[in-house]
Asks: 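One structure, pasted below without further comment.
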Amino acid sequence: MAETRLQAVRRTLGYKADDVIKMLLRRADSLAVPVMSATSLKTKLSRWENGREAVSQPYRRLFRDVYGRTNEELGFPDEETNDEAEELISRLALARSVDAETVEIFKRQVDQARHVDRRFGGVALLDQLRSNIGQLQSLLNFSTMHGQREALAGVLTEASALAGWEALDRNAIRQAWEHHETAKAAAREAGSPILLAHSTAQQAFILIDLGEIEPAVGQLGEARAIAERTAPPVLRAWMAAAHGEGLAAAGQRDDALRAFDSADTHLPTDPVDPALPFLFLGGAHLDRWRSHALSRLGEDDAIQQLADALPRLPPDFIRAKTGMLVDLAFAHAAAGNRDAALDHARQARRLAAQIRSDRQLRRLSGLILPGSAAAIA
């Protein structure tokens with residue numbers, strides 16, 4: 001019997017069936033959704049994965065949450081939609097009802113998701129964001145007023161870029177790419193070079209994860225050029241740091257360090273810009289980014305810089321902390337410090353499991369400790 005998409009996703013993520021059942025039950029409990037017992041769910045999971053029975057609600061929602069995948073990726077049917085002129089009239093009327101307050105509500109939803117995401121990860125948010133993106137796209141598609149379209153497109157850009165970053169963290173690479181394509185298209189609709197530059201640069205990190213380093217460096221350079229023309233200083237600093245990350249991945253040490261020096265130069269005294277709530281460069285953030293690049297380049301002072309930046313990281317940036325611990329594990333391993341590498345790897349794995357960061361867990365799976373013949377599990 002051919003493997004179903006649902007089964008293929010579980011195997012790709014490396015989850016055991018018992019682990020999936022526990023995650024489904026925990027997610028259902030957090031949503032206060034009544035579901036069957038663990039014993040019954042074990043039987044159902046087998047039937048669902050073997051294609052003997054279609055997955056029903058609320059289990060489709062739960063699978064989307066714990067796997068970080070769409071209906072299509074999981075082999076679930078799309079929701080039925082109405083047809084013909086009556087629906088079109090209804091959608092046009094709904095789009096016309098959008099006002100500044102409605103747009104502000106969507107903005108607050110994205111900002112709240114951003115806060116929850118950095119503390120708890122994307123498990124609880126990715127499906128919610130996809131729903132918001134669907135609403136925004138529908139309103140935009142049927143809006144006939146220019147100013148209204150620009151406002152909706154701006155929020156859609158931020159929502160899609162955030163969803164793309166969450167999908168990347170869940171190791172849903174294709175979904176991450178498509179969300180960023182939506183973000184870039186929406187930024188063009190919004191007429192915002194700033195949002196376009198940010199979405200373009202952030203998408204390049206997917207290329208880096210795929211090992212497509214040269215195209216990533218090119219895309220980061222393109223994004224930086226867009227930002228240099230019109231962006232405020234904090235975004236120019238962020239773009240320079242992002243470009244430095246790409247150059248470090250390419251092994252271009254001197255150019256990478258110059259890019260981070262440029263980021264330092266552009267960074268304003270007050271790096272918080274209310275118009276750019278998705279950028280964080282103040283405090284330890286630029287330092288952690290630079291130290292990550294140094295770790296990538298195998299620089300001797302990477303460990304010290306990471307160790308200096310880690311305690312200065314705000315406590316709610318759990319995903320960022322996880323990434324720094326992974327960097328420390330690799331840096332110590334490269335320096336031959338087996339015990340320190342193992343300690344940081346254990347801390348990182350615990351946090352990555354807590355926020356379901358499949359991306360960081362995948363990074364850890366490639367860590368080779370000094371004296372080991374193979375990567376640690």
Side-chain angles (χ1 to χ4, degrees), residues 12-16 18-19 22-23 26 117-123 165 168-171 205 208-211 213 241 244-254 256-257 260 280-281 283-377:
T12 297
L13 293 173
Y15 295 161
K16 296 179 181 177
D18 288 343
D19 294 333
K22 290 176 184 176
M23 288 190 289
R26 282 198 299 269
D117 169 63
R118 65 178 182 241
R119 182 182 289 270
F120 301 110
V123 170
W165 195 249
L168 180 62
D169 196 51
R170 301 303 311 282
N171 215 26
F205 286 90
I208 293 175
D209 274 23
L210 291 171
I213 307 301
E245 166 75 4
L247 292 165
Q252 299 178 33
R253 177 188 181 277
D254 293 344
L257 295 181
F260 279 103
F280 302 95
L281 278 185
H285 290 294
L286 182 55
D287 291 338
R288 72 175 172 87
W289 206 342
R290 182 195 293 270
S291 59
H292 171 72
L294 292 174
S295 174
R296 207 186 257 282
L297 289 165
E299 294 291 303
D300 293 338
D301 59 345
I303 293 175
Q304 187 59 53
Q305 293 207 27
L306 283 163
D308 289 343
L310 184 59
R312 294 188 289 112
L313 189 70
D316 57 331
F317 282 78
I318 301 299
R319 176 183 290 151
K321 181 178 180 180
T322 305
M324 292 182 75
L325 288 168
V326 175
D327 289 338
L328 276 164
F330 273 91
H332 278 293
N337 305 325
R338 179 185 177 88
D339 290 343
L342 186 57
D343 178 58
H344 286 100
R346 285 170 175 164
Q347 293 181 57
R349 184 173 291 102
R350 183 170 62 251
L351 287 180
Q354 175 184 314
I355 64 173
R356 290 311 322 164
S357 178
D358 298 299
R359 185 189 189 207
Q360 298 300 342
L361 289 170
R362 176 173 52 80
R363 286 184 65 200
L364 283 169
S365 70
L367 176 65
I368 299 177
L369 295 171
S372 298
I376 67 171

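The residues of the chain are indexed from 1 along the displayed sequence.
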Asks: Is it the case that over 12 heavy atoms from other parts of the model lie below 6.0 angstrom from the CZ atom of Arg346?
Replies: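 For Arg346, atom CZ is not crowded (no more than 12 foreign heavy atoms under 6.0 Å).
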Asks: At their closest point, which heavy atom of Ala284 faces which heavy atom of Leu313, and how far apart are they?
Replies: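 For Ala284 and Leu313, the tightest heavy-atom pair comes out as CB-N, 3.9 Å.
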Asks: Counting distance only, does the side-chain N/O of Arg118 pair as donor-acceptor with the main-chain N or O of Ala320 below 3.5 Å?
Replies: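 Not confirmed, Arg118 side chain does not pair with Ala320 backbone.
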Asks: Can you check whether Ala340's main-chain N or O pairs, donor with acceptor, with His344's side chain at less than 3.5 Å?
Replies: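 Checked: pair present.
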Asks: Under a 4.5 Å cut-off applied to non-hydrogen side-chain atoms, are Asp169 and Asp117 in contact?
Replies: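 No, side chains not in contact.
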Asks: Taking C-beta and beyond as the side chain, do Leu351 and Arg319 meet within less than 4.5 Å on heavy atoms?
Replies: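 Leu351 does not reach Arg319 side chain to side chain.
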Asks: Can you label the angle between the Phe260 ring and the Trp289 ring as parallel, tilted or perpendicular, going by 30° and 60°?
Replies: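 Taking Trp289 first and then Phe260, their aromatic rings stand perpendicular (interplane angle over 60°).
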Asks: Regarding Arg363 and Gln360, do their side chains bring together a donor and an acceptor under 3.5 Å, going by distance alone?
Replies: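 Distance-only check passes for Arg363 and Gln360.
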Asks: Given side chains that start at C-beta, do those of Leu325 and Leu310 come closer than 4.5 Å, heavy atoms only?
Replies: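 When only atoms from C-beta onward are counted, Leu310 and Leu325 do touch, with a gap below 4.5 Å.
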Asks: Between Ala248 and Ala256, which heavy-atom pair has the shortest distance, and what is it?
Replies: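 For Ala248 and Ala256, the tightest heavy-atom pair comes out as N-CB, 3.7 Å.
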Asks: Find out whether Gln305 and Glu299 are in side-chain contact, i.e. whether some heavy atom of one side chain is under 4.5 Å from a heavy atom of the other.
Replies: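 The answer is no; the side chains never approach within 4.5 Å.
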Asks: Test your reading of the model: is there a side-chain donor-acceptor pair from Ser295 to the backbone of Ser291, 3.5 Å cut-off?
Replies: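 Checking the backbone N and O of Ser291 against the side chain of Ser295, no donor-acceptor pair under 3.5 Å is found.
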Asks: Do Leu247 and Arg253 have side chains that get closer than 4.5 Å, going by heavy atoms?
Replies: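 A side-chain contact under 4.5 Å is absent here.
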Asks: Judged by atom type as modelled, is there a donor-acceptor pair below 3.5 Å linking the side chain of Arg338 to the main-chain atoms of Pro370?
Replies: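 Yes.
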Asks: Which heavy atom of Ala329 sits nearest to which heavy atom of Ala341, and what is that distance?
Replies: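 Ala329 and Ala341 have their closest heavy atoms at O-CB, 3.4 Å.
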Asks: Would you say the side chain of Asp343 lies within less than 4.5 Å of the side chain of Leu328, judging by non-hydrogen atoms?
Replies: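 The answer is no, as the side chains (C-beta and beyond) never meet within the 4.5 Å cut-off.
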Asks: Can you find a heavy atom in the side chain of Glu245 that is under 4.5 Å from one in the side chain of Arg296?
Replies: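 The answer is yes, as the side chains (C-beta and beyond) meet within the 4.5 Å cut-off.
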Asks: Any idea which heavy atoms bring Ile208 and Ala249 closest together, and the distance?
Replies: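 Minimum heavy-atom contact is CG2-CB, 4.2 Å.
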Asks: Looking at side-chain heavy atoms only, is the closest gap between Trp165 and Arg359 below 4.5 Å?
Replies: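 A side-chain contact under 4.5 Å exists here.
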Asks: Which value, rounded to the nearest 0.5 Å, describes the distance between Thr322 atom OG1 and Met324 atom CE?
Replies: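 Here the rounded value is 11.0 Å.
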Asks: Please determine whether side chain to side chain contact (heavy atoms under 4.5 Å, CB included) holds for the pair Ile303 and His332, giving the CA-CA distance in whole Å, both sets of side-chain angles, and the decisive distance to 0.1 Å.
Replies: CA-CA 7 Å; Ile303 293 175; His332 278 293; 3.5 Å; yes
Asks: Could you tell me whether Arg170 and Asp358 have a side-chain N and a carboxylate O separated by less than 4.0 Å?
Replies: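 Asp358 and Arg170: salt-bridged.
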Asks: For Gln347 and Lys321: C-alpha separation, side-chain torsions, deciding distance, then whether side chain to side chain contact (heavy atoms under 4.5 Å, CB included) applies.
Replies: CA-CA 10 Å; Gln347 293 181 57; Lys321 181 178 180 180; 5.6 Å; no
